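Comments concern the structure below.
The figures here come from the full heavy-atom set of this structure, side chains too, leaving out hydrogens, waters and symmetry mates. One-based numbering, in listed order, for ligands and for the atoms of each. The structure presented is a predicted model; accordingly, all values stated were derived computationally and were not measured.
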Amino acid sequence: MPFEKQQTISDQLFQLIDNLNDSIIIIDLNGEVLYWNKGAENIFAIPREEMIGKKVEEKNPDFKIEKIAERLQEGEVSELRLDWKLERSDGKVIWLDVLLTPMFDEYNNVIAIAGVSKDITDRKKNELLLNRLNEDFHLAVDTAELGIWEMDPETNKIIWNDVLLDIYGISREQFELDYDYWTTLVFPEDYEMALQAMEKVFQGEEVFNIEFRIKRPDGEVRWINGSARPINDEKGRLIKVIGINRDYTAIKSHQISLSEKNAQLKQVNEEMDYFVYSTSHNLRSPLSSTLGIVNLLRHDIDNETKLAYLDLIEKSIVRLDETIREITDYFQNTRSPIGAGQVDIEDIIETIEKDLEMTSFGEKNVLKKKINLGKQISGDPIRLRIILLNLISNAFKYSKKSERICHFECTVKNNKLQFIIEDEGIGIPKEELQNIFKMFYRASNYSTGSGLGLYIVKHSVEKLKGKIKVESELGKGSTFTVEIPIKSV
Ligand code: ADP
């Protein structure tokens, strides 16, 4: 190539180097700067004029170029590459990727050092952040006692972290940690399920929270909660499987003992229920026989005092019978499933009227009915009877001495069965209205019952997803309104 042409190309090359974004610096063996390009001006934030002919260490003590030059000069290394962190004179901290190479004269003596530096501050910051995150992740893994594994599906080799080795009770040197070895640790009864789950992962699905037992080499059985996920390359090929195992033996044994205790409690509860239900049931038949005998006796006695005693006996028996009936109702409401058969309200009311007549001690009950259903309805006959019997019985029980009147209305509105039970009785004081549905609550001294009836009514209504409300005026009477959602037949 002719000399002029060569000269033009070197000029242009020099221009190019001068304008590069990377910093290019040439320093002689005294540490004095021979060349400082525009990239160096930007990266070090020092103009070329301030640097040419100056010793770099004067500008920034961080420049330890002589030491490096020594190593390069002695031929120890042919070039040096290093990540260099430095604080610029404007206070900004930067990271550089520096490549230092010696420059030679025609006799092959080192005469200067050339340094090419690239600003890698952003990359370095990300690297540091990633390292920190990695450390945090490992800390979290250790603190949470997470056993972590990673499997290469080609070789079947598995890498285990220390926590996992600890859980499985094996040492890193002891065994060849591959998939086949892991399968020998899975408890025989859980083997099928655990292997099927792994098969899913190999086929590309994630598996969460599967529970299986392992039998450790020392014979100890542990409960494991495991999750695993396949990792695919950009072409969708499986390249590894990663997973987490948590030892939850302690939680599991608590769970097991809790569910055993729960089952025991349930059984005791059921036995108690059965005992109370059957006992109360059995008590009722001797009571009605006694009531029959009392009535027979009444015909043979004409002594007023004795008759008065007989009345007292009869009242006590009726009250006892009512309490026992309420206990049976309570258990029927808590235990029996919600019925959904055809319901005949008129029939229920008729039976209630008859039952209540038997316990009215000769007083006349007047039930004024307005039953307007228009169509067949389906519902729960047991609970509807419990609700109506208690409300109508109260209406008569808490009437004024002279007349026992109860107005009963039954309609269907917007798929809701509505009962209104209104009496003209003694009424309930306003401040007592919020209490009358409580268990064993009696709102007045006049009350002779057990205080269970309205409690059972409220719970039966709630079981049927209905609502009950009461309005009352002392001395004038009370109105109970019940609404229960129903299906028309
Ligand atoms: P009890 O067995 O005492 O009748 P309930 O739970 O049926 O128990 O009723 C609770 C209390 O509410 C009663 O003791 C009574 O004071 C009051 N009560 C209930 N219904 C009426 C009513 N229709 N009129 C007046 N008071 C009533």
What protein heavy atom is closest to [atom], reported as residue, atom name and distance in Å?
atom                    : result
atom 26 (N) of ligand 1 : Ile428 CG1, 3.2 Å
atom 12 (O) of ligand 1 : Ile436 CG2, 3.5 Å
atom 7 (O) of ligand 1  : Asn394 ND2, 2.8 Å
atom 3 (O) of ligand 1  : Ser447 OG, 3.1 Å

Which of the ligand 1 atoms, numbered from 1, are nearer than 4.0 Å to a heavy atom of Arg442: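 This gives 3 (O), 14 (O) as the contact atoms.
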
Proximal atoms of ligand 1 relative to Lys397 (non-hydrogen, under 4.0 Å): 1 (P), 2 (O), 4 (O)

Between Trp223 and Phe212, ring centroids under 6.0 Å: no

Phe408/Phe480 aromatic ring centres below 6.0 Å: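 Here the rings of Phe480 and Phe408 have centres that are no less than 6.0 Å from each other.
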
For ligand 1, is any non-hydrogen atom under 4.0 Å from [X]'s backbone (N, CA, C, O), its side chain (CB onward), both, or neither?
X      : result
Leu454 : both
Tyr441 : backbone
Glu432 : neither
Ser478 : side chain
Asn390 : neither

With a 3.5 Å cut-off and no angle check, do the side chains of [X] and [Y] form a donor-acceptor pair?
X      : Y      : result
Glu326 : Ser450 : yes
Tyr248 : Gln255 : no
Glu271 : Gln267 : yes
Asn269 : Lys266 : no

[X] to ligand 1: N or O pair under 3.5 Å?
X      : result
Tyr398 : yes
Asp423 : yes
Ala443 : yes
Ser450 : yes
Gly451 : yes

Side chains of residues 350-357: which donor-acceptor pairs under 3.5 Å do they make with residues two or more places apart or in other chains?
| residue | atom | partner | partner atom | Å |
| --- | --- | --- | --- | --- |
| Thr351 | OG1 | Asp347 | O | 2.7 |
| Glu353 | OE1 | Lys369 | NZ | 3.2 |

For residues 304-312, run the donor-acceptor check on the side chains, cut-off 3.5 Å, and write out each pair with its distance to 0.1 Å, sequence neighbours left out.
| residue | atom | partner | partner atom | Å |
| --- | --- | --- | --- | --- |
| Thr305 | OG1 | Asn303 | OD1 | 3.4 |
| Asp311 | OD1 | Arg298 | NH1 | 2.7 |
| Asp311 | OD1 | Arg298 | NH2 | 3.4 |

Leu464, Leu388, Val457, Ile484 screened by side-chain contact (heavy atoms from CB on, under 4.5 Å) with Arg383, the one that passes: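 Among Leu464, Leu388, Val457, Ile484, the one meeting side-chain contact (heavy atoms from CB on, under 4.5 Å) with Arg383 is Leu464.
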
Pairwise side-chain contact, Gln332 with Tyr277, heavy-atom cut-off 4.5 Å (strictly under):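 They are in side-chain contact.
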
